Amino acid sequence: MGRTLAEKVWEQHVVRRADGEPDLLYIDLHLIHEVTSPQAFDGLRMAGRTVRRPDLTIATEDHNVPTVLGPISDPVSRTQVETLRKNAAEFGIRLHPMGDAGQGVVHIIGPQFGLTQPGMTIVCGDSHTSTHGAFGAIAFGIGTSEVEHVLATQTLPAYRPKTMAIEVKGELPVGVTAKDLILAIIAKIGTGGGQGYIVEYRGEAVRKLSMEGRMTVCNMSIEAGARAGMIAPDETTFEYLRGRPHAPTGEAWDRAVEYWKTLRTDDDAEFDKVVEIDASALTPFVTWGTNPGQGAPLGSAVPSPEQFADPVERAAAERALEYMGLAAGTPLRDIQVDTVFVGSCTNGRIEDLRAAAEILRGRKVVTRTLIVPGSMGVKKAAEEEGLHEVFKAAGAEWREAGCSMCLGMNPDTLKPGERSASTSNRNFEGRQGKGGRTHLVSPQVAAATAVTGRLTAPADL
Ligand SMILES: CC(C)[C@H](C(=O)O)[C@@H](O)C(=O)O
Ligand code: SF4
């Protein structure tokens, strides 16, 4: 019988297999940031060990960095960042510190440098490592003790997850984006729907997505509970990678592409589970609640808890409406926001900024609007295209790279009761600051919302 993409990549990396034990996997790329690495390095030090493959390990500062130039004023954040610097220097790991041209959100810089490649195993002490699966890699988040294991051995014990196919039929209508697609998928299968699975996104609509769009989709796999998300590599992938600093060159490139072309699910392979979704029926999608599965088409209304047959979902909806300060039946388009955030590892790439700029060109924002490039590389590219001028002319703030308002670990936060339209991936209670209320949206909806002050699609302008 044929094999799925996930099975192929997994089997390629098994260094040891024994009955009743997890497989020992070889890890091709280990990404590090300041939040989840300090104890791992402490562990190494205590055991007198070194980093096995510093050349396959790369660190960046992203979660705790301010997005305006200047020192880090919060003492906890400062300590985290200083600790990462000290650890990187001591263990010989390449680090992209604040202000460095290569700095950025960990899941933005891997692909940007061409470090993320098809067929790899990629880990990071961060749940959104699933982003890298967009290249046909098995990429997943690990805990700090696992970070220590990978640092010490470049391997990781892991049980092979089951496989799920999400077949996206038809084409996305004009104005409907990768973000709308993944929000609709999570609303359909639920925040636990992917649990225990590596998901492979397939079908016409997925093949037509750009690499940026594919990364947006894979990024949020974890929000459906999946271990990882993957998309088989194709010409779009190869074109994206060609010429990037760490991509192979010359003959090595040709050999790599030949191998990468084999990284697809065989026609006779079987998935443990298959879910189908019709792309052509989708419209811009936003969340109304406090988990990424509590979403609905922008053209609809805030649901009533009674609509949920499942008692757990009903109770969750009730709590969410209370926290969000929303009444059932309110048209989603009537929800007023005071802050708009465009950025994060979900939607902080150049294509996302281009989409937002296209909508903001010649218009003015009526809300506090933060535009935060996912990396310094994205920032530079955006400035070369003059996008920053478009944002500034519209009255938006143009910032330095970092996780920013995706989570409340740096100065960019919501105040209690403030409401945002945010291109990030989590809308949990307090995610963007204590008492803050988050609506997850695409960059296009974020930009249109900044113009009207209510949840808005570009087509409504
Ligand atoms: C801080 C980090 C461990 C966390 C994660 O694992 O995802 C963060 O990036 C997030 O998005 O919540
Ligand atoms: S941008 Fe957000 S989701 Fe991505 S790594 Fe940073 S905090 Fe996590």
Side-chain angles (χ1 to χ4, degrees), residues 30-40 58-67 76-77 80-81 83-84 96 98 103-112 116 122-134 139-147 179 182-183 186 191 212 215-229 290-292 341-349 352-353 370-376 378-379 399-414 420 422-433 436 438 440 443 446:
H30 188 190
L31 303 164
I32 303 272
H33 64 61
E34 71 272 30
V35 181
T36 48
S37 59
Q39 290 91 336
I58 172 168
T60 185
E61 299 168 3
D62 51 7
H63 287 70
N64 292 138
V65 304
T67 57
V76 176
S77 295
Q80 298 259 73
V81 165
T83 305
L84 180 64
H96 291 288
M98 264 168 76
Q103 180 265 348
V105 180
V106 66
H107 311 308
I108 304 262
I109 65 167
Q112 176 187 313
T116 301
I122 303 177
V123 295
C124 173
D126 193 284
S127 55
H128 297 100
T129 308
S130 58
T131 312
H132 308 263
F140 54 89
I142 56 177
T144 298
S145 57
E146 293 173 304
V147 171
K179 183 63 165 288
I182 188 63
L183 286 173
I186 301 168
T191 51
E212 279 88 348
M215 285 188 256
T216 300
V217 169
C218 288
N219 173 274
M220 290 194 73
S221 305
I222 183 71
E223 307 309 333
R227 188 77 177 113
T290 51
N291 74 53
F341 169 59
V342 177
S344 85
C345 61
T346 315
N347 283 124
R349 284 172 282 270
D352 303 311
L353 300 189
L370 263 62
I371 314 272
V372 186
S375 70
M376 294 296 273
V378 171
K379 180 169 191 252
R399 297 293 189 87
E400 304 297 313
C403 293
S404 183
M405 204 182 265
C406 178
L407 89 175
M409 282 191 184
N410 59 69
D412 301 339
T413 53
L414 293 179
S420 76
S422 175
T423 66
S424 51
N425 48 36
R426 286 185 171 158
N427 51 349
F428 306 149
E429 291 187 15
R431 168 76 178 179
Q432 297 187 294
T438 305
L440 301 177

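In this text the structure is predicted, and so the values were computed from the model without any measurement. First listed ligand is number 1; within each ligand, the first listed atom is number 1.
- With respect to atom 6 (O) of ligand 1, the closest heavy atom belonging to the protein is S127 N, 2.9 Å.
- Within the structure, ligand 2 lacks M405 among the residues with a heavy atom less than 4.0 angstrom away.
- In terms of protein heavy atoms, atom 3 (C) of ligand 1 is closest to T36 CG2, 3.5 Å.
- Residue V342 forms a side-chain contact (heavy atoms from CB on, under 4.5 Å) with just one option from L370, V372, N347, L353, and that option is L353.
- If you take CE on M409 and CD on Q432, they are separated by 13.5 Å, rounding to the nearest 0.5 Å.
- Of all atoms in ligand 1, numbered sequentially from 1 with element shown, those under 4.0 Å from a heavy atom of H128 are 7 (O), 11 (O).
- Polar contact check, R426 against ligand 1: a nitrogen or oxygen pair lies under 3.5 Å apart.
- Annotation: atom 4 (C) of ligand 1 to nearest protein heavy atom, D126 OD2, 3.8 Å.
- For the side-chain contact (heavy atoms from CB on, under 4.5 Å) criterion with V105, the lone passing option out of S344, S404, C345 is C345.
- For residues 30-39, no pair satisfies salt bridge (Lys or Arg N to Asp or Glu O under 4.0 Å), with sequence neighbours left out.
- Close approach to H63 involves these atoms of ligand 1, each under 4.0 Å from a residue heavy atom: 1 (C), 2 (C), 8 (C), 9 (O).
- Heavy-atom proximity to R431, at under 4.0 Å, picks out these atoms of ligand 2: 2 (Fe), 3 (S), 7 (S).
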Side chain to side chain contact (heavy atoms under 4.5 Å, CB included) between H107 and D62, intermediate numbers included: CA-CA 10 Å; H107 311 308; D62 51 7; over 6 Å; no
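- Below the 2.8 Å limit, atom 6 (Fe) of ligand 2 has as protein N, O or S neighbours C403 SG.
- Counting heavy atoms from C-beta outward, L84 and Q80 have side chains that stay 4.5 Å or more apart.
- The structure places OG1 of T423 at 7.0 Å from CG of D352, a figure rounded to the nearest 0.5 Å.
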Run the side chain to side chain contact (heavy atoms under 4.5 Å, CB included) test on R431 and C406 for me, step by step, so that the C-alpha distance in whole Å, both residues' side-chain angles and the decisive distance to 0.1 Å come before the verdict. CA-CA 7 Å; R431 168 76 178 179; C406 178; 3.3 Å; yes
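- Residue contacts with ligand 1 for R431 involve side-chain atoms from C-beta outward but no N, CA, C or O (heavy atoms, distance under 4.0 Å).
- Atom numbering of ligand 2 starts at 1 in the shown order; those under 4.0 Å from a heavy atom of N425 are 3 (S).
- Between atom CD of residue E223 and atom CD1 of residue I182 there is a gap of 9.0 Å, rounded to the nearest 0.5 Å.
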Taking it one step at a time, do N425 and L440 satisfy side chain to side chain contact (heavy atoms under 4.5 Å, CB included)? CA-CA 7 Å; N425 48 36; L440 301 177; 5.6 Å; no
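- Among V147, T36, T129, the one residue that satisfies the side-chain contact (heavy atoms from CB on, under 4.5 Å) test with I142 is V147.
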